[in-house]
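As C-alpha cells, the structure follows; a few thoughts come after it.
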Amino acid sequence: MIDRRLIQNFDWVLLFCVLLLTASGLLNLYSGLSTVGGVKKAMFYSQVHSLMFGYLLLFVAILFDYSHLERGSALIFGLCLVLLVAVLIFGRSAGGSRRWLALGKLVFQPSEIMKLGLIFFLAKYLAQGVPKGGLRLRELAVPAALAVAAMALVVRQPDLGTTFLFLLIAGSMLIFAGVHTQALILLSGLGLSFMPIVFFFLKDYQKERILTLFDPGRDPLGAGYHLIQSKIAVGSGGFWGKGFLKGTQSHLKFLPEHHTDFIFSLLAEEWGFVGGVVVLALFYLLIISCLNIARRARDPFGSFVAVGVAAMVFWQVFINIGMVLGLLPVVGIPLPLISFGGSSATVTLLGLGLVLNIGMRKFIFCRK
Amino acid sequence: MKPFDLFGAGELEEQKRKYSRIATILAVVFFILLLRLWDLQINRGGEFAFLSENNRIRFDDIPPPRGLILNRYGELLVGNWAAFNLAIIPEDVKDPKAVAKTLSGLVGLDETEILDKLASAKKRGLPRFLPVVIHPYMDWEEMVMVETRRYELPGVVVMTEPKRSYPQGKFASHLLGYLGEVSESELDTDMFDSYKVGELVGKSGAERFMEPMLRGIRGGVQKEVDAAGRRRKVLSSVDPVPGKDVYLTLDSKLQKTAQQALAGKYGAVVAMDVNNGDILALASGPTFDQEKFVRGFSPEEWKSLINDKSHPLQNRAVQGQYPPGSVFKVVIAAAALELGVATPQRSTVCTGEYRLGRRVYRCWRKKGHGRMNLRQAIVQSCDVYFYRLAEDLGVDAIAQYARKFGLGEPTGFPLAKEAPGLVPTKSWKLRRFGTPWMKGETLNTGIGQGFVLTTPIQIAVMCGALATGRVVRPRVVSKVYSPRGGEEVMPVVPSRPLGISEKTLTFMRDALVGVVNGLRGTGWRARIPGFTVAGKTGTAQVVSGVSEEGDEEVSFEMRDHALFVAYGPAESPEVVVACVIEHGGHGGTAAAPVVREVLKAYLKTRRAKEKT
C-alpha cells in the first residue's frame, strides 16, 4: 500500500509546520492554564489527549487513497447534518450555547466536523466540472442550499463565529473554482444589501462588539474590555516578550479566555514580536504548502479538498489574530492548533492529514 | 457542463495565474498582520508596556455575600461577618524594615515576625504583586490604627474577607455543615465550572447541598491603579448578587435539647413533624466545632479530627446504620396481622427460649415471660413470640412490609448523602454471599438483628407512618428567600399511603401506648403526664450473647446499642422522635429518657405558642 514514491512525495515542510505549531501551542497553553493557585492540569492533559488523538487521525488519514473519500463525501456531509440536528436536540450546553454532543465519555463539537464535511461535499460537487466563464446561479443553487442548511443549524446553537466560517470556506472554494461574473456581482450586491438587515437582527452584545472596534473606549468594561486588555498584552510584549509564564496581563486575570480565543495575545505577550512573527510565518508556510499540494494534485477533487482545508485554516488564523490585534471585531473563533479545544485541534489535524495524503499521491493514478 | 480539464493547454496557464494571485493575496494579508504586530509591539510597545506595568487596569472580584441560614422562626443560624486581614504587597514596599517597624508599633506583632512572613512568601515563589497576609483577623482598633496611618505605610493594605459566623455556638453542626476551599477534583466537574482556585464552597450539610442557592453571583470592579498599587479611579463596577437565604424547618429549642441530651454520647436524635415530615431537630454525637473551619486548623488538629475513630464529621442521624433491634417488631407485628399469621388473641408461652432444630434462640428475659398474647409481647418486647411470628412469616414477607414502612432505601433527606440501610431477602443473600438463606436468620430478623440495618431517620419515618398511616419524605429546607426576587417555598413532597389496614394500625398504636404507659412496658421512662406517648424500645446486640444480665462489666465497644422511638400525643399525633445511643445498653434505659426530654421541649414550645 505504501509505495516508495509516496514517501518521496511526502510534504515534510507541511508536517514540520504542524508539529511546531502544536508544540508551541501546548507550551503556550500550559502558561495560559497556570494561575496563581496552580496549573489547571486536567485541562492541559485533556488537550494533550486531543492532540494525540488528532495525530492518530492524521496518520490514519495518510494511509488510504483519498479517492475512497470522494465516493463517500455526500454520505459524510449527510451524517454531519444529522449530528448537527442531534446537537440541537440532545446537545450539552455550556456558557449559554448548545454545541457539544456526548457519546459516553467522548464529548465533541459536531460543528467542527462539519467544516470538513462541507469541504468534502463542495470538492466533490465542483470536481464534476466547472463551465467556462464560471459557475452560474443555476449551478450555485445546490451547494448554496446545502451550505445554508448547515449554517442554519449552527446558528441555532448559537455559534455565530462558526456559521460565518462556513460561509467563508464555501465562498472561498466556489470563487476558487470560478463564479460567473454576473452571478458574482448579483450575489455580492445581494449580500451587501442584506448587511444592515443582519446587523439589525444581531444581539445587542454582538452589535456592541462591532461598534467597539471603531471606538474601544465606548464600553471599557464590556465589549471594549477584551480589546483594550488584549492590545495591552500584545503591545507590552515588546520585541523579546516577557518570557514564559511571566505574562502579567494574562496571569493577573486582566485578560479573560486567554486559553481559548485570546491565546495569541498571551503568546505575543510572553514571546514578543519574535514569537508572533515565527507563528505567523509557520501559518503562512502551512497554508502555502496546502495550496502547493492543491496545485499539483492528480485530480480536481484532491485539489479542491486541499484548497478547502487551506481556506479553513487561513480564515481562522486571519479572523482570530485580527481580532486579538484589534483589527477585527470580537468573534468566537479559535486559533487552529494553538487554542484550547479538543474538537478544533483533532479536526484541523485530520484535515491536514488528508492534504498530506493528496500531496503524496500526486503521481499515483487509480482507475475510477 | 464542460469537463474539468486540469492539464488543458490554456487551462494550465490560467491555473498558474490563479495560484500566484492567491499567493499574493495571502502574502498581503499576512503582511498586514505583521505590520499590526510591529505597530503594537515595537512602535507603540513602550506605551503599552507602561500601561501594563505602571498604570494597570485591574479587575478585582467582589465576592457575593453568601446567603444566610435561618430556622423555622427566622432566627439566624449561620451568618456572615467581615474579617479584617492585614496584608503587605511586596512589590509596593520600598523599605520593608521601616514598614515592619511602624507596623509593629500599631498591631501586636514583632518586627521580625512580619519580615519572616514576607521572606517565606518570597521563598514560595508567590508573585510580588500578590498581597501577603501577615495578620489575619485584626480587631477593630488595630484596623483603625492602620487605616489612619495608611500614607506612611505604602504597600500595606487591609483586606476584608467574608467569613461565616455561628451565632448559636456549637449548634446543629452536621445539619448546617461547613465551608472549605474548592478541591481540584470538584473544579473539574460541571457544577464548579465558574469557581476559582481557592474559593470557599460548602463541604457538608446545608452549606453543601444548598450551595447553588447560597452562593450568589460574583461581581467585579475595574479600576486604574498607580505604581504603588493604590486605587486611582474606578472605571466601572458590577455589583455582586448576594446569595439566597435558606430557611430550615429546625426548631432551635428542640435542637438544643437534643444536643444536650446527647452530650458526651455517641448516637443520634431525630425529631420530625409526623404530618408533613418537617425535621424539627437532628443531632448527631460526637459533634464538631464549625468555628474551627472558619479560623483554620493546625495540621495536627486536622489530622486528629480526620483520624478520630468516633468519626465526629459523620452525621449519624442519616448516615449511621444500626440494627433496629426490637423496634423492628413493629414491622413484624403489622405484617403478621395483615397476612393473618397472627391474631390479637393468639398466645404463646415464653419459657425464655425457642428451639429451631438443634439450635436454641433465647429471649432477652432469661426466665421467660410466661403466656403472652400479641399486645403483651409488644409491650414487654418478648423475643420468643416474635421468633415464632418471623418463622411463620418468612423473610421475604418481612422484607415486603419493611419496605412499606420506608426501610431499606433513603428516606429522601435532602441535606446529606443518606445511607440506605438494609432489608435482607433470600435473593439478596444469594447475590451478596452466594449462599442460601438460613431459617435461623429469619428468627434473628424477627427481633431486628442479623443483617437488617436502619438509620435513625428511617426509624423516625417508620414510626411516623404507623402514627398517621402515611410515609412522609423528610423536609429540612422550608423556603429559600432571595433578597432580589422574593421567596420560593419548598413544597412538601406528598406522602405516600403506608398500605396497611386501619384495623391493624389501631391495634398497633394501642400496643405502642402500652409500651410506654402499660403494665411492665419497657418504655416507661418516656412517660409524660398529660401527654400520651406511644413508642417502642430496641436493644441492638453488637456482640451476641453479652446482652444478658449484668452488662455493666462488659467493655464499652461490646455493649449494645440503645434505641427508642416514640410519637405523641397518641390521640392525634404531631411529632415523632427517634434516638439511637451507641453502646448505651438497654433502649428503655438509655434512649427513652432522651426522647422524653425532646418531647417535653416540644410540649413547652407548643404551649408557649398556644399562649400567644
Side-chain angles (χ1 to χ4, degrees), chain A residues 35-38 40-43 94-95 126-132 139 176 178 219-222 225 228-229 231-239 248-249 251-254 268-269 272-273 276-277 280-281 283-284 287-288 291-292 294-295 297 299-300 303 314 317-318 321-322 325-327, chain B residues 1-6 11 14-16 18-19 22-23 25-27 29-34 36-53 56-61 126-127 129-130 181 184-185 187-188 190 193-194 196-199 220-222 235-238:
Chain A
T35 53
V36 175
K40 289 193 168 178
K41 288 204 189 79
M43 281 173 91
L126 293 170
Q128 291 166 1
V130 176
K132 196 144 185 93
E139 290 110 24
F176 175 82
D219 176 14
L221 189 68
Y225 180 74
I228 295 173
Q229 294 300 346
K231 270 156 71 173
I232 293 178
V234 173
S236 64
F239 189 76
T248 51
Q249 281 297 110
H251 293 147
L252 278 177
K253 49 189 188 179
F254 291 138
E269 189 189 9
F273 185 64
V277 168
L280 277 179
F283 273 123
Y284 179 72
I287 295 164
I288 289 291
L291 289 173
N292 260 328
R295 192 171 141 196
D299 57 12
S303 143
F314 168 73
V317 170
F318 174 61
I321 296 184
L325 299 182
L327 292 171
Chain B
M1 281 193 215
K2 192 182 161 218
F4 187 103
D5 181 10
L6 201 58
E11 297 272 321
E14 202 187 309
Q15 286 287 326
K16 227 174 162 180
K18 200 190 254 175
Y19 279 106
I22 296 173
I25 295 171
L26 269 180
V29 168
F30 273 86
F31 188 66
I32 292 173
L33 292 178
L34 206 73
R36 177 68 172 183
L37 207 56
W38 180 83
D39 175 45
L40 288 177
Q41 299 195 292
I42 312 291
N43 196 23
R44 289 151 69 192
E47 178 193 329
F48 283 119
F50 180 78
L51 276 180
S52 122
E53 285 304 318
R56 289 203 183 112
I57 295 168
R58 279 195 185 164
F59 193 88
D60 285 345
D61 292 334
L126 291 180
F129 51 80
L130 275 190
E181 279 189 12
E184 222 169 289
S185 53
L187 277 174
D188 285 342
D190 284 352
D193 234 13
S194 60
K196 290 185 175 170
V197 177
E199 210 173 322
V221 57
Q222 194 190 15
L235 295 176
S236 179
S237 69
V238 179

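Within every chain, numbering begins at 1; the chains are lettered A, B, ... in the order of the sequence lines, protein sequences first and strands thereafter. Note that this is a predicted model, so its numbers are computed, not measured.
- Just one of B/D39, B/I32, B/L37 meets the side chain to side chain contact (heavy atoms under 4.5 Å, CB included) condition when paired with A/L325; it is B/L37.
- Taking every heavy atom of both residues into account, A/F239 and B/I42 meet most closely at CD1-CD1, 3.4 Å.
- Judged as a side-chain contact (heavy atoms from CB on, under 4.5 Å), and not counting sequence neighbours, the contacts of B/I25 are B/V29.
- Among all heavy-atom pairs drawn from A/Y284 and B/A23, the shortest one is OH-O, 4.0 Å.
- A distance-only check finds a donor-acceptor pair linking the side chain of B/K18 to the backbone of A/F176 [under 3.5 Å].
- With rounding to the nearest 0.5 Å, the separation of CD1 in B/I22 from CD1 in A/I287 is 11.5 Å.
- Each of A/A268, A/G322, A/G237 has some count of heavy-atom pairs under 4.5 Å with chain B, and the biggest count is that of A/A268.
- Atom CG of residue B/L26 and atom CZ of residue A/F318 lie 11.0 Å apart, to the nearest 0.5 angstrom.
- Note: A/F314 and B/F30 have tilted aromatic rings, judged against thresholds of 30 and 60 degrees for the angle between ring planes.
- Pairing each heavy atom of B/Y19 with each of A/S303, the nearest pair is OH-OG, 3.8 Å.
- In terms of heavy-atom proximity, A/V234 sits nearest to B/Q41 at O-NE2, 2.9 Å.
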